[in-house]
Amino acid sequence: MDFRHHIALPSKLSTLAADSLVVVVAGAQADETLDPVLRQALDSALKSGDFQFKAGRTLYLHGLAGVKASRIVFTAAAHATPKAFKAAVAAALAVLKSGGGKQVAVALSGGGVSAAHAEVLVAAASEATYVYRHTKPSAPAEPAFRGFGLVCVKSEVTEVQKGLVLGQALAAGVTLARECANRPGNQCTPTFLADQAKKLGRSHGLKVEVLDRKAVEKLGMGAFLAVAKGSDEPLRFIVARYEGAPKSQAPVVLVGKGITFDSGGISIKPAGEMDEMKFDMGGAASVLGTLRAVAELKPALNLVVVIPACENLPSGRAVKPGDVVTSMSGQTIEILNTDAEGRLILCDALTYVERFKPAVVVDVATLTGACVIALGHHHSGLFTNDDDLAIQLLSAGRDALDTCWRMPLDEEYDECLKSNFADIPNVGPRAGGSITAAMFLKRFTVKYRWAHLDVAGTAWKSGHHKGSTGRPVGLLTHFVLSQQTKR
Ligand code: BES
Ligand code: MN
Ligand code: ZN
């Protein structure tokens with residue numbers, strides 16, 4: 001898709017060369033500077049009740065005399081904020097989707113567009129055109145959109161350009177994450193994830209290393225191995241590095257949970273909706289997507305992405321409740337529930353990354369059903385004891401419209417994690433399940449600044465719109481970019 005800017009004043013929108021013109025009207029009344037032809041059409045629709053200044057409302061007009069674009073969509077936004085602007089653009093694109101317009105010009109009536117508006121325009125366009133097709137060639141055709149332009153004035157061009165570039169890198173990252181996560185478990189295997197990382201390495205000049213079972217055994221990753229051993233599908237431990245700064249500069253490290261299917265293992269899950277556990281590699285998909293976005297933007301920093309990937313299945317060789325394993329850190333773990341496998345593969349990855357002497361480590365995981373109960377599907381769960389890091393991640397989420405909400409990690413919760421047979425059990429009581437999962441990970445992260453994102457409620461959608469969301473690629477990319485200026 002082609003993204004550009006159009007320099008135009010609100011009074012000249014009728015002369016814009018585009019197939020479709022989207023006019024976002026924010027607030028409660030029409031803007032005085034709006035082109036008179038458009039203003040008249042809008043006023044008449046307001047009078048007749050065909051349009052209202054109410055977020056979500058749209059008005060489609062075809063072949064309006066005196067306007068060059070043959071299609072016009074007025075779309076109401078509660079505010080001129082990027083968030084409201086994005087929702088209004090999305091509503092307009094839903095209207096235009098089934099039509100034939102290829103070139104779409106988008107204007108914010110009243111003006112005042114920023115880099116953030118440009119960024120979210122690209123996101124809305126990308127979301128409106130994404131169709132999963134890999135295992136469904138008969139899926140409906142993509143909309144005819146070929147290019148988008150954002151109307152701005154000369155002084156806004158530099159910012160708008162920046163926003164368009166960031167938006168495109170983000171869209172590429174989000175799309176990669178969605179494409180990986182939407183694939184069925186029989187195709188998106190640990191080996192597939194490793195191949196995706198290698199492919200990204202070749203196209204973007206990254207160093208990619210893939211460890212197999214033997215190498216993982218040598219490292220002493222007893223927890224990761226315990227999960228992987230129930231499946232015949234070979235495990236992979238993926239390490240990919242983007243180097244945009246001198247080697248001496250401490251890297252940002254992202255760790256993504258890569259369970260390509262989670263049956264629960266011997267502690268097997270109920271059958272209903274178990275298919276959705278193919279999305280249990282959403283954390284892995286999001287760190288790969290972030291790596292792609294970052295590699296396209298080429299910021300001056302170092303980034304390491306680490307993915308422990310395997311399946312969690314029951315079998316004659318599977319790990320059993322009560323088994324005790326030794327993690328790479330040396331701590332022994334009593335596996336009381338084989339369905340709490342995410343923390344087992346992550347804890348060894350979190351020990352492994354110590355070797356990078358990281359500036360900061362963020363792990364991303366579809367870790368607990370309890371997090372979905374706590375936060376629903378709007379915010380991801382954020383866990384960290386580092387207040388500065390929390391502020392940075394919260395604000396990255398707000399900037400990306402991919403938000404997270406901070407959860408507690410007080411020492412008191414540690415009392416739930418006691419075992420008579422090992423240093424730590426892999427589960428605590430049901431209450432506060434997402435917190436005890438984070439407390440478990442915390443035992444393996446004492447050597448660096450660390451945060452954990454539980455994306456169980458945000459990485460995919462269920463029901464009619466079942467599919468990966470690509471979250472939290474937006475949050476993570478904004479966060480990684482923000483680390484550039486921090487040091
Ligand atoms: N992948 C699941 C978490 C999950 C469940 C995400 C439902 C999204 C929807 C994870 O591996 C898991 O099974 N967690 C258990 C932990 C429990 C056994 C302590 C859970 O949440 O039930
Ligand atoms: Mn599980
Ligand atoms: Zn899982």
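Please read all numbers here as calculations on a predicted model, not as lab measurements. Both ligands and their constituent atoms are indexed starting at 1 by order of listing.
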Regarding D280 and T366, do their side chains bring together a donor and an acceptor under 3.5 Å, going by distance alone?
yes

Would E311 and K229 count as a salt bridge (Lys or Arg N to Asp or Glu O under 4.0 Å) here? Give the steps.
CA-CA 9 Å; E311 284 184 342; K229 73 179 189 168; over 6 Å; no

Of all the heavy atoms in F261, does at least one lie under 4.0 Å from an atom in ligand 1?
no

Can you tell me the protein heavy atom closest to atom 9 (C) of ligand 1 and the distance?
M277 CE, 3.6 Å

Do Y130 and E179 meet the criterion of a side-chain donor-acceptor pair at a distance under 3.5 Å?
yes

Mark yes or no: R183 above the aromatic ring of F192, with NZ or CZ under 6.0 Å from the six-membered ring centre and no more than 45 degrees from the axis.
no

How far is atom 16 (C) of ligand 1 from its nearest protein heavy atom, and which residue and atom name does that atom have?
R343 NH2, 3.8 Å

Applying a strict 4.0 Å limit to heavy atoms, is R430 in contact with ligand 1?
no

Ligand 1 atoms nearer than 4.0 angstrom to some heavy atom of E341 are 11 (O)

Considering heavy atoms of the protein only, find what lies nearest to atom 12 (C) of ligand 1 and give residue, atom and distance to 0.1 Å.
D339 O, 3.2 Å

Could you check atom 2 (C) of ligand 1 against the protein and tell me its nearest heavy-atom contact, residue, atom and distance included?
D262 OD2, 3.6 Å

I need the nearest protein heavy-atom contact for atom 19 (C) of ligand 1: residue, atom name and distance, please.
V427 CG1, 3.5 Å

Looking only at the aromatic ring of each residue, does the gap between the centers of Y352 and F237 stay below 6.0 angstrom?
yes

When you look at W460 and N182, which way does the side-chain hydrogen bond (donor to acceptor under 3.5 Å, both in side chains) test go after all the steps?
CA-CA 9 Å; W460 78 88; N182 281 334; over 6 Å; no

K257 neighbourhood, listing ligand 1 atoms whose heavy-atom distance to it stays under 4.0 Å:
1 (N), 10 (C), 11 (O)

Using a distance threshold of 2.8 Å, state whether an N, O or S atom of K257 lies below it from the Zn ion (ligand 3).
yes

Per residue E341, nearest N, O or S atom to the Mn ion (ligand 2) is named OE1

Shortest-distance N/O/S atom, D280 versus the Zn ion (ligand 3)
OD2

Going by the order shown, which atoms of ligand 1 are within less than 4.0 Å of some heavy atom of A456?
6 (C), 8 (C)

Per-atom filter on ligand 1: closer than 4.0 angstrom to a heavy atom of N337 are 18 (C)

Measure from the Mn ion (ligand 2) to every N/O/S atom of D262 and report the name of the nearest one.
OD2

L367 and ligand 1 - part of the residue with a heavy-atom distance under 4.0 Å:
backbone

The test is salt bridge (Lys or Arg N to Asp or Glu O under 4.0 Å); show your working for K466 and D275 and say whether it passes.
CA-CA 11 Å; K466 192 188 288 181; D275 66 291; 2.7 Å; yes

side-chain contact (heavy atoms from CB on, under 4.5 Å) partner of F440, chosen from L346, V427, I333
I333

From the Zn ion (ligand 3) out to just under 2.8 Å, does an N/O/S atom of D339 turn up?
no

Below 4.0 Å from ligand 1: does a non-hydrogen atom of E276 turn up there or not?
no

What is the minimum heavy-atom distance between R449 and L389, and which atoms define it?
NH2-CB, 3.7 Å

Looking only at protein heavy atoms, which one is nearest to atom 8 (C) of ligand 1, and what is the separation?
W460 CH2, 3.3 Å

For the Zn ion (ligand 3), the closest N/O/S atom belonging to D262
OD2

Using a distance threshold of 4.0 Å (strictly less than), state whether atom 14 (N) of ligand 1 has a protein heavy-atom neighbour.
yes

Of the choices G369, S267, A370, G342, which has the non-hydrogen atom that lies closest to atom 20 (C) of ligand 1?
G369

